[in-house]
Amino acid sequence: MAVQFDFLAPKGWKPKNPDKDYLITYLDIELADGIPDDRFEDAAASCAAESSTGTWTEVYAGKNSGVKLANKLRAIAYDLDPKTKTFKIAYKKEIFEEGNMSGLLAGVAGNIDSMKMLKAFRLLDIRFPESLVKSFPGPQFGITGVREFMGIERGPLLCTVPKPKVGRTAKEQAELAKILFTAANGEYQGIKDDENLTSLYFNKFEDRCKRVHAVQRDIEKKTGKKKFYLCNVTHSDMDIMQERAELIKKEGGRWMMLDVVTTGFAAVQTMRKHNPGLAIHAHRAMHGLLDRESGPGVHDMGEILDFSMSMVVIAKIMRLLGVDSLHGGAPKTKMENYEEPILIQQALQLDITPESHITLGQNWYGMKGVWHVASGGLHAGTIGDSITQLGENLIIQAGGGTLGHPWGIEAGVEAMVQARDLAMEKGDIKEWIVQHPESALAKAAQHWGFDPRIVY
Ligand code: CAP
Ligand code: MG
């Protein structure tokens with residue numbers, strides 16, 4: 001119950017100059033069983049109260065109570081839609097500390113997702129005002145900076161995660177890197193650690209980092225073609241992560257990989273701050289515990305069942321905190337997408353992200369764009385859709401889809417390169433296969449088809 005201050009806007013009210021003075025959130029809720037629909041306004045006002053300056057009961061309002069400022073800084077619920085139970089909350093920007101994402105989220109997504117009044121809650125989007133956008137570092141390299149150090153002007157970058165996920169020794173992983181970097185006339189760019197490969201007894205971080213980067217340096221020298229290794233520094237000890245990042249730099253690496261959800265927002269911002277000059281690849285392992293919504297209405301404001309925040313919100317946060325690439329979902333992956341991947345791509349890459357029926361849009365004031373990573377059950381028969389739908393500033397990752405090619409690893413690499421180049425030329429894959437029946441791509445399509453193989 002929102003009390004003491006008025007947290008509900010009059011009908012039709014909209015914030016003036018939102019991008020100058022307000023942070024806006026967009027929420028979708030379901031009222032708890034037994035709470036009648038006519039309490040929706042109260043629920044919206046309570047969300048505004050509990051996430052800004054209010055609480056459940058009237059409190060002392062006399063001398064030194066802070067009530068005057070609390071009233072001035074109170075958040076306002078507006079744009080209420082009783083049919084879809086969606087609404088927006090406008091927060092005065094002064095209620096947030098600039099450059100502090102953890103503090104900000106403790107407000108806008110802190111307690112309200114635990115209120116008894118609700119049985120489901122989804123933070124659909126956050127629109128950040130100019131001052132807050134500019135208070136965060138953003139990507140150090142981004143799309144343009146990575147294209148520069150890779151020496152690649154156009155087209156997606158292709159890479160592979162060794163599969164099995166873990167099991168290779170550091171030496172064996174370096175040998176795989178050699179194959180990936182030399183097959184298909186060296187037209188393949190990268191190798192990536194899996195999200196759960198850190199420093200294990202049979203594959204120590206230091207050993208792996210040295211061996212794979214030695215292969216990278218050697219092949220770059222021989223071929224003149226730049227390669228990349230998304231080397232996983234993930235650890236719950238920030239000092240160890242920093243040491244690992246500095247070893248990558250010392251070994252001539254250009255990227256570090258971070259499991260950004262399991263390490264957390266503070267870790268991402270701190271690694272960006274003390275970055276020894278590496279691009280940051282963000283893996284989102286465990287994001288499903290934050291953004292999974294199993295309700296039928298996740299795409300169209302229908303009924304929701306869970307407590308979650310959208311992947312659009314996570315993508316915006318990661319762009320602000322300064323990652324250079326982020327897994328964002330893609331068409332035809334083995335993983336579930338709760339928002340259309342195009343919405344993630346637009347939040348990661350455009351200078352003006354447009355609004356949509358479930359998002360608020362965003363002005364990025366020139367902040368660099370982030371590579372969208374398409375990954376998860378992809379293979380040469382399906383990557384074309386990612387390029388067609390999401391554009392060319394993509395890192396396309398295929399682990400099983402490359403290493404599982406029936407003719408072997410080199411053929412897997414070749415098929416991926418053929419599929420990428422064909423999609424860049426807007427060619428028709430089925431027609432191309434008819435004309436090239438003996439190709440690695442034809443074999444891949446014969447083996448996996450043109451759709452994702454949903455195995456789990
Ligand atoms: C893909 C992957 C990636 C997922 C992450 C895996 O392997 O290495 O971690 O794609 O999901 O472990 O499953 P395959 P998302 O290429 O062999 O499927 O990109 O959705 O965050
Ligand atoms: Mg993985």
Side-chain angles (χ1 to χ4, degrees), residues 156-168 173 176 180 188-198 200 203 229-234 255 257-263 268 280-293 308-315 317-318 323 325-345 347-348 370-383 385-386 389-390 394-406 409 412-413 415-416 419-420 444 447-449 451-456:
L157 308 178
L158 300 178
C159 77
T160 279
V161 173
K163 301 288 173 180
K165 294 172 86 83
V166 299
R168 279 183 173 81
Q173 183 157 336
L176 174 62
L180 294 173
Y188 210 72
Q189 285 82 32
I191 188 168
K192 169 189 170 302
D193 288 339
D194 226 323
E195 66 278 357
N196 58 342
L197 177 60
T198 53
L200 308 176
N203 192 328
Y229 170 30
L230 307 177
C231 188
N232 190 6
V233 301
T234 296
W255 291 82
M257 167 177 153
L258 218 58
D259 294 336
V260 291
V261 176
T262 63
T263 53
V268 177
I280 300 175
H281 174 78
H283 195 290
R284 58 179 183 167
M286 204 169 82
H287 73 101
L289 290 187
L290 290 180
D291 64 14
R292 189 158 194 156
E293 168 48 61
S308 61
M309 61 162 57
S310 75
M311 184 61 207
V312 170
V313 172
I314 297 173
I317 291 171
M318 288 304 151
V323 307
S325 58
L326 173 70
H327 288 246
K332 298 194 173 176
T333 55
K334 66 183 179 187
M335 304 293 193
E336 194 61 76
N337 293 314
Y338 308 106
E339 276 83 26
E340 296 312 316
I342 187 76
L343 293 177
I344 316 294
Q345 184 264 343
L348 287 176
V370 175
W371 287 82
H372 185 117
V373 181
S375 173
L378 292 177
H379 53 78
T382 55
I383 63 166
D385 296 73
S386 291
Q389 289 183 28
L390 303 174
L394 291 182
I395 295 179
I396 300 179
Q397 190 294 126
T402 295
L403 304 178
H405 192 287
I409 300 173
V413 170
M416 286 287 290
R420 175 198 58 198
H447 185 62
W448 287 305
D451 289 298
R453 303 281 291 280
I454 308 299
V455 287
Y456 40 61

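Counting starts at 1 for both ligands and their atoms, following the listed order.
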Which pair of heavy atoms, one from D259 and one from T234, lies closest together, and at what distance? N-OG1, 2.8 Å

Donor-acceptor pair, distance only, cut-off 3.5 Å: does the side chain of R292 make one with the backbone of H287? no

Just which atoms of ligand 1 are under 4.0 Å from any heavy atom in E195? 9 (O), 12 (O)

Check the pair V323 / W371 against side-chain contact (heavy atoms from CB on, under 4.5 Å), numbers first and verdict last. CA-CA 9 Å; V323 307; W371 287 82; over 6 Å; no

Contact between D194 and ligand 1, counting heavy atoms under 4.0 Å? yes

Using a strict cut-off of 4.0 Å, indicate which atoms of ligand 1 neighbour a heavy atom of G399. 14 (P), 16 (O), 17 (O)

Do any nitrogen or oxygen atoms of G329 lie less than 3.5 angstrom from nitrogen or oxygen atoms of ligand 1? no

Which ligand 1 atoms does G400 reach within 4.0 Å, using its non-hydrogen atoms? 14 (P), 16 (O), 17 (O)

Nearest-0.5 Å distance that lies between atom OG1 in T262 and atom NE2 in H283: 9.5 Å

I need the atoms of ligand 1 closer than 4.0 Å to a non-hydrogen atom of H283, numbered in the order shown. 3 (C), 5 (C), 9 (O)

Atoms of ligand 1 under 4.0 Å from any heavy atom of K334, numbered from 1 in the order shown, are 1 (C), 6 (C), 7 (O), 13 (O), 14 (P), 18 (O)

Identify the heavy atoms of H379 and G401 that sit nearest to each other, and give their distance. CB-CA, 3.8 Å

Would you mind listing which atoms of ligand 1 come within a distance below 4.0 Å of any non-hydrogen atom of K165? 6 (C), 12 (O), 13 (O)

Non-neighbouring partners of S310 that pass side chain to side chain contact (heavy atoms under 4.5 Å, CB included), sequence neighbours left out: R122, V312, V313, E339

List the residues meeting side chain to side chain contact (heavy atoms under 4.5 Å, CB included) with A398, not counting sequence neighbours, and say none if there are none. T402, M416

Is it true that K192 lies under 4.0 Å from ligand 1, counting heavy atoms only? no

At the 4.0 Å heavy-atom cut-off, does G377 count as touching ligand 1? yes

Which ligand 1 atoms are under 4.0 Å away from a heavy-atom of M335? 4 (C), 11 (O), 13 (O), 20 (O)

I'd like the atom name of the N/O/S atom in D194 lying closest to the Mg ion (ligand 2). OD1

When every non-hydrogen atom of L403 is compared with those of K163, the smallest separation belongs to CD1-N, 3.2 Å

Among the N/O/S atoms of E195, select the one at the shortest distance from the Mg ion (ligand 2) and name it. OE1

Please name the residue in the list H281, R284, H372, E195 that meets the side chain to side chain donor-acceptor pair (under 3.5 Å) test with H327. H281

Does an N or O anywhere in L378 fall below 3.5 Å from an N or O of ligand 1? no

CG of L197 to NZ of K192: how many Å apart, nearest 0.5 Å? 9.5 Å

Among H327, R284, K163, which one puts a heavy atom closest to atom 19 (O) of ligand 1? H327

Are any of the N/O atoms in H287 less than 3.5 Å from those in ligand 1? no

